[in-house]
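To start, the structure itself, in structure tokens.
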Amino acid sequence: MAAMADVFRLSFILRGRSHARLRASLSWWSMPLMLLMTATLAAGPARAQEAAPEAPAQTSQSGDPQSEPTLPSPVTSPAAGLAPSDVDAMDSAFGAFQRGYYLTAMELALPRAQLGDPAAQTLLAELFAGGLGVPRSMDDAAFWYEQAANNGDAAAQFKFGVMLLEGRYVKADRERAEDLMKQAADAGNAFAQFNHAQILVSAKPGEAGVLEALPYFERAAEKGVPDAQYALAQIYANTTGIPDDKRARAREWMEKAARAGFDTAQLDYAIWLIDGIGGAKDYENGFRWMQVAANGGNVVAQNRMAVLHINAIGTKGDPVEAGKWYILSRRAGYDDRALDDFYQGLTDDEKRQAIEAANAFGKR
């Protein structure tokens, strides 16, 4: 496997440092388990991922993700034995929920939830978790998530599994949480697939665990989960035993994650373009993607923007812009002695302009 430091560095500024999300001194799969939620348990139904700000145009696929609905359609997943009229009522309950008529959704879903319908039970859990039409009650939400999970609803299995893993609102139970996460993953829940993959990697560190988890990462990535797309790019690029046709798609997956708004992917995609990882070097687009990540607040990208301006890589050299990005990253706690020396070498007027530009950036 290629040295991971070669993946996460800019060739012109390698100093053995780490960036915010993945450390170059460690294999990427040594990260702690990241629980990916479409929304917090208290925030109600999931919302679509926001697009990357002013993402530069690329020649490859756009990679815009399609968010998976939090709730299953009551038409496609009714409880066994329900009559057509019951299915129609469930459809009405789900429609009311989608239109914001939460009390109506509650009235229609409650009788069916009490009869064991998992879609209705999940709907009730979402209403209680979000405080939608009813007082927020995570105890009630946990109760209905558990009922729906026990009845096979994949979205509820994922949500309740997260609760069990975190020990929030319910007693922690990792073994049961992992079992529910696998059930939800095997049933096709994209976010459960990503988290189950992370669980597999955590349980079996090294390439063997990565290869065992790979199918779940791939399924989640195909469904538009940015974290999974980012992980897949790293796996394809750096794991031995990956077929050449998959390895050739590593940059494509990194771009998809970047376009989905994942700032670490935007940072690494910029680095890959500049260093020629997974394809030809492209300094201009590398600069643009670094700018997207920096404008979004990624501190490492802000530091790298200073370097790009100093070295005129993908842009014209501009000491004031370099000073601005240095100030922003330094204020955020990023220590870079080489850039400290650069800044001290600026004229008083350049320092003044850089400070003014950094202050203006902070007021956006």
Side-chain angles (χ1 to χ4, degrees), residues 5 7-25 28 31 50-56 58 226-227 230 233-234 254-255 257-275 277 281-347 349-364:
V7 177
F8 299 121
R9 65 174 171 80
L10 292 172
S11 58
F12 48 85
I13 194 164
L14 176 60
R15 293 187 179 86
R17 287 186 171 84
S18 61
H19 67 62
R21 292 291 295 270
L22 296 178
R23 290 170 172 76
S25 61
W28 79 268
M31 289 187 296
E50 294 181 0
E54 302 178 3
Q58 296 288 311
D227 296 66
Y230 176 79
Q234 298 289 7
M254 186 65 76
E255 181 185 359
R259 288 188 176 278
F262 189 10
D263 69 319
T264 302
Q266 292 166 351
L267 168 66
D268 282 355
Y269 185 49
I271 293 172
W272 284 23
L273 288 168
I274 292 167
D275 277 357
I277 297 171
K281 292 183 178 181
D282 187 340
Y283 295 128
E284 290 185 2
N285 275 319
F287 174 84
R288 291 174 192 162
W289 275 106
M290 194 70 75
Q291 189 173 42
V292 168
N295 284 334
N298 186 290
V299 176
V300 178
Q302 292 173 347
N303 171 274
R304 297 299 190 263
M305 281 293 290
V307 175
L308 295 178
H309 279 290
I310 292 169
N311 292 277
I313 297 174
T315 187
K316 294 181 179 179
D318 187 335
V320 172
E321 274 294 295
K324 178 191 82 172
W325 290 114
Y326 160 77
I327 290 168
L328 289 169
S329 64
R330 193 70 181 86
R331 286 174 179 175
Y334 194 101
D335 185 18
D336 189 327
R337 294 182 181 179
L339 287 186
D340 291 343
D341 294 339
F342 154 77
Y343 184 73
Q344 293 305 317
L346 295 178
T347 67
D349 186 57
E350 288 171 335
K351 289 179 181 178
R352 177 186 58 78
Q353 293 182 61
I355 291 172
E356 290 176 354
N359 290 342
F361 180 90
K363 293 177 181 179
R364 296 180 312 161

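Only a predicted model underlies this, so the values are computations on that prediction, with no experimental measurement involved. The first residue in the sequence is number 1, and the count goes up from there.
Going from atom CD of E255 over to atom CG of N285 covers 9.0 Å, rounded to the nearest 0.5 Å.
The minimum heavy-atom distance between A322 and A306, with the atom names listed, is O-CB, 3.3 Å. Across all non-hydrogen atoms, the minimal contact from A260 to P226 is CB-CG, 3.5 Å.
Across D263, T264, N303, a single residue satisfies side chain to side chain donor-acceptor pair (under 3.5 Å) together with N298, and that is D263. The one candidate from W289, F262, Y230 that meets the ring-ring contact (aromatic ring centres under 6.0 Å, His included) condition with Y269 is W289. Paired with I271 under the rule side-chain contact (heavy atoms from CB on, under 4.5 Å), one option of L267, I274, L273 passes, and it is L267.
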Open item on the list: Applying side-chain contact (heavy atoms from CB on, under 4.5 Å) to D341 and Q344, what does each step give before you reach the verdict?
Closed with: CA-CA 5 Å; D341 294 339; Q344 293 305 317; 5.7 Å; no
Open item on the list: Between Q234 and D268, is the side-chain contact (heavy atoms from CB on, under 4.5 Å) condition met? List the steps.
Closed with: CA-CA 10 Å; Q234 298 289 7; D268 282 355; 3.3 Å; yes
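With sequence neighbours left out, the salt bridge (Lys or Arg N to Asp or Glu O under 4.0 Å) criterion links D318 to no other residue. Taking the ring-ring contact (aromatic ring centres under 6.0 Å, His included) definition, one finds that F361 meets it with W325, sequence neighbours left out. For F287, the ring-ring contact (aromatic ring centres under 6.0 Å, His included) partners at least two apart in sequence or on another chain are H309. For R352, the salt bridge (Lys or Arg N to Asp or Glu O under 4.0 Å) criterion is met by D349, E356, not counting sequence neighbours. Looking at residues two or more places apart in sequence or on another chain, you find a side chain to side chain contact (heavy atoms under 4.5 Å, CB included) between A358 and K324, I327, L328, R331. For L346, the side chain to side chain contact (heavy atoms under 4.5 Å, CB included) partners are P319, F342, Y343, E350, K351, not counting sequence neighbours.
Using a 4.5 Å cut-off on side-chain heavy atoms (C-beta onward), I313 and V307 make no contact.
Checked by atom type and distance alone, the side chain of S329 pairs as donor or acceptor with a backbone atom of Y326 at under 3.5 Å.
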